[in-house]
Amino acid sequence: MQVTPAVKAILDNYESDNPGTKANLARILMQGKLGGRGKLVILPVDQGFEHGPARSFAPNPAAYDPQYHFKLALAAGLSAYAAPLGMLEAGASTFAGAIPTILKLNSSNSLATTKDQAVTGSVRDALRLGCSAIGFTIYPGSEYAFDQMEELRELAEEAKDVGLAVVVWSYPRGPALDKAGETAVDICAYAAHMAALLGAHIIKVKPPTATVSLEAAKKTYQTQKIDISTLTARVRHVVQACFAGRRIVVFSGGEARDDLDAIFAEIRELRDGGANGSIIGRNTFQRPEAEALKMLETIIGIYQGK
Amino acid sequence: MQVTPAVKAILDNYESDNPGTKANLARILMQGKLGGRGKLVILPVDQGFEHGPARSFAPNPAAYDPQYHFKLALAAGLSAYAAPLGMLEAGASTFAGAIPTILKLNSSNSLATTKDQAVTGSVRDALRLGCSAIGFTIYPGSEYAFDQMEELRELAEEAKDVGLAVVVWSYPRGPALDKAGETAVDICAYAAHMAALLGAHIIKVKPPTATVSLEAAKKTYQTQKIDISTLTARVRHVVQACFAGRRIVVFSGGEARDDLDAIFAEIRELRDGGANGSIIGRNTFQRPEAEALKMLETIIGIYQGK
Amino acid sequence: MQVTPAVKAILDNYESDNPGTKANLARILMQGKLGGRGKLVILPVDQGFEHGPARSFAPNPAAYDPQYHFKLALAAGLSAYAAPLGMLEAGASTFAGAIPTILKLNSSNSLATTKDQAVTGSVRDALRLGCSAIGFTIYPGSEYAFDQMEELRELAEEAKDVGLAVVVWSYPRGPALDKAGETAVDICAYAAHMAALLGAHIIKVKPPTATVSLEAAKKTYQTQKIDISTLTARVRHVVQACFAGRRIVVFSGGEARDDLDAIFAEIRELRDGGANGSIIGRNTFQRPEAEALKMLETIIGIYQGK
Amino acid sequence: MQVTPAVKAILDNYESDNPGTKANLARILMQGKLGGRGKLVILPVDQGFEHGPARSFAPNPAAYDPQYHFKLALAAGLSAYAAPLGMLEAGASTFAGAIPTILKLNSSNSLATTKDQAVTGSVRDALRLGCSAIGFTIYPGSEYAFDQMEELRELAEEAKDVGLAVVVWSYPRGPALDKAGETAVDICAYAAHMAALLGAHIIKVKPPTATVSLEAAKKTYQTQKIDISTLTARVRHVVQACFAGRRIVVFSGGEARDDLDAIFAEIRELRDGGANGSIIGRNTFQRPEAEALKMLETIIGIYQGK
Amino acid sequence: MQVTPAVKAILDNYESDNPGTKANLARILMQGKLGGRGKLVILPVDQGFEHGPARSFAPNPAAYDPQYHFKLALAAGLSAYAAPLGMLEAGASTFAGAIPTILKLNSSNSLATTKDQAVTGSVRDALRLGCSAIGFTIYPGSEYAFDQMEELRELAEEAKDVGLAVVVWSYPRGPALDKAGETAVDICAYAAHMAALLGAHIIKVKPPTATVSLEAAKKTYQTQKIDISTLTARVRHVVQACFAGRRIVVFSGGEARDDLDAIFAEIRELRDGGANGSIIGRNTFQRPEAEALKMLETIIGIYQGK
């Protein structure tokens, strides 16, 4: 399938990557209802690891089955499906070639005693499961941040070498940050920038809030009159921090919420700020399938400019 | 030997595995008196490592000899025999091809000062000893859980690559859990789910108790009205947490007990909850051989639907 | 291009290196307006990692784009451009062959909780991106200094083996040093000497101040009447500590400053002390391009003897 | 040389080992005055490492020379000679093929600050020096026990792969044990059992004392009426813990003692309990050569049934 | 060049080494004014790393140039020159084949916060620089001693494999030792013995003092009437601890001292005790070249029996 000019323009930004990696980025960007527009919506299902199976799947028991998520992502016309090893192993053959997959290579859990993650998959796993990309989480600000960056470096080099794309979840936390700081706009932009510097192709961050957290950064935000008043403006700032828009940035959807209008309004602001898309998990698979599909249709519509 | 439809259905759930691994799972599922039914009973003998030789074998001194356990498992018509390196080395040649074996790759001991395990065998050992699977213990909730998961990841990848199956003992413990929490139903389901996410083919947990331990999970169990009133219901919940039944789950037998009726009643509940079987060590080899064989006959009968 | 006698004389000091490494050193020394004189000015852009994107690039938003820095270095006629992985990936193909690049292989950040750095690139990355050298920072005096030296040793051996040059940022800090000690002339000379002993081809240090910090060294500086009264004299001492001038030494420009005359005066002293050049980041890319180019023209003029 | 039926019976217990390892075990079991009987006496000389040269060799200065020990073991008709790297390097060529050697791969010393050992030799060293076996010490109960077991696992796998035998010194110590506990019969049997589980071919422990140390084990020793009243009975228990006699067990001789009759009486009890032999260092090489030879003649006589 | 009988006798003690290593030992033993006598004087220049450049070289500024030391060692007719990576890189080609070199593979520095060393060179570096040996420091008694021994083990195995010799600096220090203990005769002999056990070809220790430090060793020194009254006697004891003279032992010269007669008297005692030679750094290169040459001539004369 010939890529569209919009996708071609994005691929050109990854000028150091080999054709294999570009092809896998193209697979994601040409998939589903947003295919060809340079926009994407990803379904991530690693909550079973993070919060346990009941908290993740009991609200919609069909979701206990790993194959449910392949079907959901496919039916909704999403761009890709991301999950840890076991989840993909249980459906990768049945859905081979149907939708690009992202193997999440590290995971935390609610029983853990440290703010770290365990590496739970490999680049070779991603290859044998037919994935288009690997996914990896870093916690900038954590005591483990340097170790995580070094793990990411090794895995990303290996992934690029075999033609896979690299998706980085950059979630600030740790001793230097209070709860508000974790989503502060300066920290969010910094976290996104570090993911870009580490060689990520696709960067995932949380929607930034109107706070500047790092003491040393406050003066800059005032002096340079950086607009952080609206989510749209803050997203624009984060996109700028990703090599002036040369890297794909997607924003997470957060906890499951009832107020659909609020969700849609937020996504409109993400779009207007220049976000490449959203990555939405609990808000989709914890609803009954029909509701989830309807919600995703609206979200995709927003990224289609509706 | 042609596998039965019941076994074929189980093997189909392991759709990402190579034929070598499927053949080894089939060997276990087609072995012994439960062969072909999709049910299994495994004899594990790692108690010498965990508790020392006298506490393990003095009640039935014949069991000091590693070859005793091969014979017992064979005579009882069990599905597989699991043990650490030395135990298998001492009989693997004599009993080559007679019964599938599982090489336990890590072990703890009663003199240890930390809640960890030492890696005491390798995938290459499993191959040279003719094993069908490797076994590995993780302690979710322990300070060593991330390290153990990363060790498991490497060994499991290597094992799958050479056509072996992977059996994971998932035993929650550590600072986040009190004694009751270690067997609480939410923790047990979470531990089983993590083993599945880590790529286990066969998951071993302890029978769950009617407690919810993780504060953050209590609301879900109440709101979603998850039935934990009977062992049968709780086992059903754990099976669901293992990819909606797409992974084999077996339950341990616990300490040696005199009350056989209680043991049998428990196993009936495991079966009714959808467990694939049991893994029973001390309750068998610490009894005189004749008694053990009789007990195992009854247990196998239960899984045969008697 | 035939190298000049001045450059040939410098290359001869690297008598143990293979022709590949000599060629890459020659590329840097023959590049730009100082090409052939044995002097060099390098543009380093790792401040996005160290201080975050807004503090680094908001003063001159064009600098958010990685390709801006390639253009700036090229337009100014500089000798080389140094940056972390992502920054080079985003322009290495467009500017292939246009200007020698140095891949910075480790990086710290303002959210970090320890005085260490993460390794964020590899020698293979440097090769695939067409770099002439790797860059690496050590913190002599830090708790991590031995680890960093061992990382550098491995990377430097690998780099020399494949014909790359090695640039070492030697920045003393840690428990043994107070703030004044970090730039004290004895510490600066010691840090430069250790970089030379570790096999660096190009050594980067901060301009030394007129303090002797190490108690055990004070007697030597007094007895031997080592002149530390002027920056010129101190630079001469540092150059001597780099194998009596057998290794290239460049000095950093420090924070962005308004007083251009002070900057130029400092650089004249560096030159008069025998420094091979400067490495100037924030003072250039945080100004509007035209101003930066003008400032760099003056600096290059100083090294040209004007 | 055709092995005797007694040796053949022992070799048959190592049914999983390759012919190379069996040949090396046979070399040890067919060597010297006990050759062919299934009994063995080994000379170990690692005391220079453990206690320093003067404390080890000053009582008999001829023993400072590494070649002295080769000669002593040969003259006394012993089964094998065990020592660290340097000791074997200094005589392995002169005495090539004369007597089986065991390269001790880890060592502690009296200046050490932790209850650990350093790995000081390799399997490749053992091969190039013509050794028949590697030797390795573990400290069950120590904070380093898991690390040591993992080191042993790797070295033992490598050794078996190249046809060497594995001798394990299993010496309990550490926080869980008081001085009496280190030689308590339950701990000794447990330590021997763990060595067997770790894949040792020859297990070395200290003669057990009539104490049960582990609280959790006391009930078993009482209930099961395990006889620990005499050294003979305790040795029998330890032999049983070594896979019901399927593994070779030798006992150490302890500190140099003057009372020869006590030494001989102890060895008679070891023999009567089923020990395969003794491993005696200081009691031999710290005496004048003639005395040592005479003492060893008596000891060998005891194992010959005299 | 045919080796002399004296050198042949020494080489024969290294009976397990390959011809490559023997050839390199021969190169050192046949070099310079002591060539062929079985005696040697080595010039070590790692003080720039240990104490910094000014403290090391300011007293004789010509010594800032790495090539100065090659020339000095050559002019004085020394046996070998030992230095860290950068020092050798800066002269190895100019002086290729002129004098045997020893690449020091680890180094400490005065800014370090721990009693450890960083590994700063490799066996491959030694090969590419044409060295005859690697050098490595261990600190018996330090918290890092086991780690250092394990590093040495790996490097020494690799070095021997490619035909290089191994020189070990054995410098006791750490929690178990007070200042006097670091040079106590029992500790010195123990440190030398451990270096021999670790497989060193040439052992470097400090001249021992008339103290016995280890409590457990005092009885032996008294009972066995070990003569420690003179330096000659103590050196004889250390030589005995090096496999009864089967290993080459050299003694360091210590800090720069003015009293030449004292230095010469000490060296006469070293010689009379059976030392193979001296390793003298600061006392030579911190003097003007002519003075240093004269002093070295006298020292060489002493080892020539004058």
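Letters go in sequence order (proteins before strands), and every chain restarts at 1.
Around the CG atom of A:Asp178, the shell of radius 6.0 Å holds more than 12 heavy atoms that belong to other residues, nucleotides or ligands. No more than 12 heavy atoms of other residues, nucleotides or ligands shown are found within 6.0 angstrom of NZ on A:Lys8.
Only the backbone of A:Ser142 has a heavy atom closer than 4.5 Å to any heavy atom of chain C. Neither the backbone nor the side chain of A:Ala200 comes within contact range of chain C, judged by heavy atoms closer than 4.5 Å. The contact between C:Thr113 and chain A is made entirely by side chain atoms (from C-beta outward), counting heavy-atom distances below 4.5 Å. In this structure, chain C has a heavy atom under 4.5 Å from the side chain of A:Asp161, while its backbone stays farther away. Proximity to chain C is absent for every atom of A:Tyr14, based on heavy atoms less than 4.5 angstrom apart. When heavy atoms are compared at a cutoff of 4.5 Å, A:Leu152 does not approach chain C at all. Only the side chain of C:Glu151 comes within contact range of chain A, with heavy atoms under 4.5 Å apart. Heavy atoms closer than 4.5 Å to chain A are found in the side chain of C:Phe57, but not in its backbone. Residue contact with chain C, scored on non-hydrogen atoms closer than 4.5 Å, involves the backbone and the side chain of A:Leu198 alike.
Contacts with chain C were tallied for A:Glu157, A:Lys160, A:Met149; A:Glu157 has the most, counting heavy-atom pairs under 4.5 Å. Ranked by non-hydrogen atom pairs under 4.5 Å with chain A, the options C:Gly130, C:Ser107, C:Gly86 are led by C:Gly86. Taking C:Asn106, C:Asn109, C:Leu129 one by one and counting their heavy-atom pairs under 4.5 Å with chain A, the maximum is reached by C:Asn109. Taking chain A as the reference chain and counting heavy-atom pairs below 4.5 Å, the highest number among C:Ser56, C:Pro84, C:Ala83, C:Gly91 is found for C:Gly91. Per-residue counts of heavy-atom pairs under 4.5 Å with chain C were compared for A:Ala176, A:Cys242, A:Ala241; the largest is that of A:Ala241.
Minimum heavy-atom separation, C:Pro53 to A:Ala189: CG-O, 3.7 Å. Nearest heavy-atom pair across C:Pro61 and A:Gln240 is CB-NE2, 4.1 Å. Minimum interatomic distance between C:Ala58 and A:Gln224 (heavy atoms only, all atoms of both residues): O-OE1, 3.5 Å. Nearest approach of A:Arg153 to C:Ser122, heavy atoms of both residues: NH1-CB, 3.3 Å. Across every non-hydrogen atom of A:His237 and C:Tyr64, the tightest pair is CE1-OH, 3.7 Å. The two residues A:Leu197 and C:Gly48 make their nearest non-hydrogen contact at CD1-C, 4.0 Å.
Looking at A:Glu150, its side chain never comes within 3.5 Å of a backbone N or O of C:Ala118 through a donor-acceptor pair. Of the possible polar contacts, none joining the A:Tyr190 side chain to the C:Leu111 backbone as a donor-acceptor pair under 3.5 Å is found. A:Thr220 places no side-chain N or O within 3.5 Å of a backbone atom of C:Arg55 that could act as its donor or acceptor partner.
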Quick one: do A:Arg246 and C:Glu89 satisfy side chain to side chain contact (heavy atoms under 4.5 Å, CB included)? Show the steps, please. CA-CA 11 Å; A:Arg246 288 183 189 273; C:Glu89 284 184 324; over 6 Å; no
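C:Phe49 has its side chain out of reach of A:His193: every pair of non-hydrogen atoms, C-beta onward, lies at least 4.5 Å apart. Looking at C:Ser110 and A:Leu214, their side chains come closer than 4.5 Å, going by heavy atoms from C-beta outward.
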